[in-house]
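In what follows, a single structure is set out as structure tokens and then discussed.
Owing to the predicted nature of the structure, the values given are computational and were not obtained by experimental measurement. By convention in this document, chain letters (A, B, ...) are assigned in the order of the sequence lines, proteins followed by strands, and residues within each chain are numbered from 1.
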2 protein chains.
Amino acid sequence: MNDLKLENQLCFPLYAASKELIKKYKPVLDKFDLTYTQYLVMLVLWEDNSINVKTLGERLMLDSGTLTPLLKKMESKGYVKREVNDKDERNLVISLTEVGKNLKGKCSSVPKEVGKCLNLNENEAIILYSLLYKVIGNIKDTSM
Amino acid sequence: MNDLKLENQLCFPLYAASKELIKKYKPVLDKFDLTYTQYLVMLVLWEDNSINVKTLGERLMLDSGTLTPLLKKMESKGYVKREVNDKDERNLVISLTEVGKNLKGKCSSVPKEVGKCLNLNENEAIILYSLLYKVIGNIKDTSM
DNA sequence: AAAAATTAAATTGTGTACAATTTAATTATA
DNA sequence: TATAATTAAATTGTACACAATTTAATTTTT
């Protein structure tokens, strides 16, 4: 009956926890001249080395409206290259520069450094992780 | 050892789930000319009727830089009033207009309507809820 | 092959989100 | 009680985030 109470919403703690955690990244990532979203792009590139904007957007659930200006900034910082695909000129291929590659080693402690402020035990982390991916999957499958 | 893989981050599904869920609110809240954040303000006001910006910010974990322009928009829509507190003129008191109060009834189905796309059972929802508030609490307690 | 449809980025416009600073009011202190 | 310190909003500047549209390239259809 009290569906409209803030404390009865699942959306709010999800939204708040996400924001608070992202804030925790700021002082850590500032050292590397990265914002949180830019860091996510780096995570993908450290795995894949090269990816087009569309695929990157699918991985990060972000669209070109967000990624285009962000990738231009990252290019101007010297972390990534932006090159049109010769085979299909609609595709823009993003890849790491040497500086971008070298940043991986320097960032190796970021996950642990930020992760510890979550203060969850292994089991809790796994449960939370599973439920979040379940939610993401369920939302994607909902036609509504 | 693969701490820097996107799929090994807890932050990413948290960030993605939050965004995806907020997107689900859009078509539902559009009918009431509310954005997601504006809806959160309404949830607080439907409980409290009257609150100053600072307290509202504490409830929603938002600062005046976010709330000031947002509340001005909500005032111009006719949903809230903004009045300086006579006792302490540094305080701006936000309260509901009649239109804002009446909106509560119309929004009563919003939580269920959006909630069903999460597709979690009662137990899962409770666990997720608890873990999220635990994370929020832990992050707040971390000095780092 | 030319026209239509599709696709991928970019662009435009609106709305947060937040750090840092400023302004104005109140409280505490010398 | 003047001055200093504190407090609450507002302001400024930067950075997403996304819906909707546009542009340009490619593919499909006729």
Would you say Thr37(B) reaches dG15(C)'s phosphate, i.e. side-chain N/O to OP1/OP2 under 4.0 Å?
no
Mind checking whether Leu14(B) and Gln9(B) have side chains closer than 4.5 Å, heavy atoms only?
no
Rounding to an integer number of Å, can you tell me how far Leu40(B) CG sits from dG15(C) P?
16 Å
Measure CG/Leu67(B) against P/dA19(C) and give the value in whole Å, please.
13 Å
Rounding to an integer number of Å, can you tell me how far Tyr36(B) OH sits from dT14(C) C1'?
19 Å
For residues Leu67(B) and Leu56(B), determine if any side-chain heavy atom of one lies less than 4.5 Å from a side-chain heavy atom of the other.
yes
With sugar-phosphate taken as primed atoms, P, OP1 and OP2 and all else as base, the protein-contact string of nucleotides 1-9 of chain C at under 4.0 Å (heavy atoms; B, S, -) is ------BSS
Pairing of Lys24(A) and Glu20(A) as salt bridge, 4.0 angstrom limit
no
Met61(B) side chain reached by Ile136(B) side chain, heavy atoms, under 4.5 Å
yes
Quick one: on DNA chain D, does Gly65(B) or Thr66(A) contact a more 5' nucleotide (nearest heavy atom)?
Gly65(B)
Could you give the NZ-to-C1' distance, from Lys19(A) to dA19(C), as a whole number of Å?
14 Å
Figure out the NZ/C1' separation between Lys23(A) and dA17(C), and round it to whole Å.
8 Å
Find the distance Leu71(A):CG to dA17(D):P and express it as a whole number of Å.
12 Å
5'-most contact on DNA chain D: Gln38(A) or Glu89(A), nearest heavy atom basis?
Gln38(A)
Round to a whole Å and report the spacing from OH of Tyr15(A) to C1' of dG15(C).
11 Å
Please list all pairs meeting side-chain hydrogen bond (donor to acceptor under 3.5 Å, both in side chains) that have one or both residues in residues 92-102 of chain A, counting only residues at least two apart or in different chains.
Glu98(A)-Lys101(A)
Check whether the side chains of Asn2(A) and Asn8(A) place a donor and an acceptor atom closer than 3.5 Å, and report yes or no.
no
Distance in angstrom units between Tyr39(A) OH and dC16(D) C1', rounded
18 Å
Does Lys87(A) put a side-chain nitrogen or oxygen below 4.0 Å from OP1 or OP2 of dA25(D)?
no
Using 30° and 60° as the class limits, which term best fits the ring planes of Tyr36(A) and Tyr15(B): parallel, tilted or perpendicular?
perpendicular
Name the residue closer to the 5' end of DNA chain C, choosing between Leu70(B) and Lys72(A) according to the nucleotide with the nearest heavy atom.
Lys72(A)
